[in-house]
Asker: 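Before we start, here is the structure in question, set down as structure tokens.
As the structure lists them, so they are numbered: ligands from 1, and atoms in each ligand from 1.
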Amino acid sequence: MTVIDLAQVHAWLADFAAVVHENADLLTDLDRQIGDADHGANMDRGMQAVAALSADDFADAPALLKKAGMTLVSTVGGASGPLYGTFFLRLAAALPAEGADPVAFGLALRAGLDGVLARGKASVGDKTMVDALSPAVDAYEATVSDEAAEALEAAARAAAEGRDATIPLVARKGRASYLGDRSAGHQDPGATSVTMLVEAAARTLG
Ligand code: ADP
Ligand code: MG
């Protein structure tokens with residue numbers, strides 16, 4: 001049985017930080033189309049601060065994730081900082097300190113998503129990060145077994161499909177909604193970064 005613990009969560013955050021750094025220009029370009037061209041810079045600043053956290057300074061995975069969430073709230077700014085911060089804080093609160101089995105990890109992912117929904121009030125189809133995160137959590141729950149790998153891979157595929165499905169949508173939440181119909185034809189930046197987060201989980205937590 002997979003057990004997701006401090007070392008794995010630290011590797012997940014480091015992997016995501018590296019991918020965000022490599023793709024900061026892409027995320028900012030997507031945000032230039034339908035926003036204010038800061039999503040890549042925002043996420044890169046926040047995740048570099050998270051990547052600087054040492055696993056040695058934390059007793060367990062929830063403690064690291066709590067600090068990561070607070071770091072994102074205080075360094076990312078914009079809409080996405082509080083939303084990513086809430087996701088990690090809820091994940092931290094739901095994870096057992098002794099390490100999570102795959103089912104417990106799924107419950108924590110669901111709690112993280114619920115936090116994002118409560119904070120941002122977006123639904124699937126509003127062209128936000130929820131369009132990638134919500135199907136990812138559904139796919140994880142539908143696939144989970146004693147091992148996390150298969151469920152994480154299903155979650156990553158579902159996130160990517162949800163991200164791609166944002167392209168034709170008209171934004172109904174966040175800055176992109178100010179554009180009205182002109183937001184259609186562009187991929188949502190937050191759904192793009194969330195897909196990177198779930199893909200990083202599939203590489204590191206399985
Ligand atoms: P800002 O829009 O403040 O500049 P960012 O550019 O960092 O913040 O993040 C933009 C992303 O935040 C969007 O692409 C979208 O995915 C996400 N987002 C914005 N508002 C919401 C919301 N209410 N609920 C969920 N996600 C949202
Ligand atoms: Mg922006």
Asker: Tell me how many protein N, O or S atoms are within a distance shorter than 2.8 Å of the Mg ion (ligand 2).
Answerer: 3
Asker: Considering only protein heavy atoms, which is closest to atom 8 (O) of ligand 1, and at what distance to one decimal place?
Answerer: Ala79 N, 3.3 Å
Asker: So if I count the atoms of ligand 1 from 1 in the order they appear, which ones are less than 4.0 Å from some heavy atom of Asp31?
Answerer: 6 (O)
Asker: With distance as the sole test, does Ser183 use its side chain to make a donor-acceptor pair with the main-chain N or O of Ser177 at under 3.5 Å?
Answerer: no
Asker: So which bit of Thr128 gets within less than 4.0 Å of ligand 1, heavy atoms only: side chain, backbone, both or neither?
Answerer: both
Asker: Main chain of Ala122, side chain of Thr128: is a donor-acceptor contact present, judged purely on distance under 3.5 Å?
Answerer: no
Asker: Quick one: nearest non-hydrogen protein atom to atom 14 (O) of ligand 1, plus distance?
Answerer: Asp188 OD1, 2.6 Å
Asker: Show which atoms of ligand 1 fall inside a sub-4.0 Å distance from at least one heavy-atom site of Asp38.
Answerer: 4 (O), 5 (P), 6 (O)
Asker: Quick test: of every protein heavy atom, which one is nearest to atom 24 (N) of ligand 1, and how far off is it to 0.1 Å?
Answerer: Ala122 CB, 3.5 Å
Asker: Is the shortest N/O to N/O distance between Asp36 and ligand 1 below 3.5 Å?
Answerer: yes
Asker: Within the distance-only criterion (no hydrogens, no angle test), does the side chain of Asn42 pair as donor or acceptor with the backbone N or O of Asp38 below 3.5 angstrom?
Answerer: yes
Asker: Which protein heavy atom lies closest to atom 20 (N) of ligand 1, and at what distance to 0.1 Å?
Answerer: Gly174 CA, 3.5 Å
Asker: Quick check: does any side chain N or O of Ser134 sit under 3.5 Å from a backbone N or O of Val130, one acting as donor and the other as acceptor?
Answerer: no
Asker: Quick test: of every protein heavy atom, which one is nearest to atom 17 (C) of ligand 1, and how far off is it to 0.1 Å?
Answerer: Met129 CE, 4.0 Å
Asker: For a 4.5 angstrom cut-off between non-hydrogen side-chain atoms, does Leu65 reach Leu95?
Answerer: yes
Asker: Taking side-chain hydrogen bond (donor to acceptor under 3.5 Å, both in side chains) as the criterion, tell me which of Gln187, His39, Arg163 meets it with Thr192.
Answerer: Gln187
Asker: Which residue pairs satisfy the salt bridge (Lys or Arg N to Asp or Glu O under 4.0 Å) criterion with at least one member in residues 145-154, sequence neighbours excluded?
Answerer: none
Asker: Students should be able to answer this: which protein heavy-atom is nearest to atom 2 (O) of ligand 1, and at what distance?
Answerer: Arg175 NE, 3.6 Å
Asker: Should Ile34 and Lys127 count as side-chain neighbours, where that means a heavy-atom distance under 4.5 Å?
Answerer: yes
Asker: Determine whether Tyr84 and Met129 make a side-chain contact, defined as any pair of heavy atoms from C-beta on separated by less than 4.5 Å.
Answerer: yes
Asker: Starting from atom 9 (O) of ligand 1, find the nearest protein heavy-atom neighbour and note its residue, name and distance.
Answerer: His39 ND1, 3.2 Å
Asker: My understanding is that we take every heavy atom of each candidate and find the minimum distance to atom 12 (O) of ligand 1. Doing that for Ala191, Ala176, Ser80, which one comes out nearest?
Answerer: Ser80
Asker: Does Leu197 reach the side chain of Trp12, with side-chain heavy atoms less than 4.5 Å apart?
Answerer: yes
Asker: Judged by atom type as modelled, is there a donor-acceptor pair below 3.5 Å linking the side chain of Asp5 to the main-chain atoms of Gly99?
Answerer: no
Asker: Can you list the ligand 1 atoms lying under 4.0 Å from a non-hydrogen atom of Leu83?
Answerer: 18 (N), 21 (C), 22 (C), 24 (N), 25 (C), 26 (N), 27 (C)
Asker: With the threshold set at 4.0 Å, does a side-chain nitrogen-carboxylate oxygen contact exist between Asp138 and Arg110?
Answerer: yes
Asker: Between Met47 and Leu72, is there a side-chain heavy-atom distance shorter than 4.5 Å?
Answerer: yes
Asker: So which protein heavy atom does atom 23 (N) of ligand 1 come closest to, and at what separation?
Answerer: Gly120 O, 2.8 Å
Asker: For Gly190, take its heavy atoms, then give the atoms of ligand 1 lying under 4.0 Å from any of them.
Answerer: 13 (C), 14 (O), 16 (O)
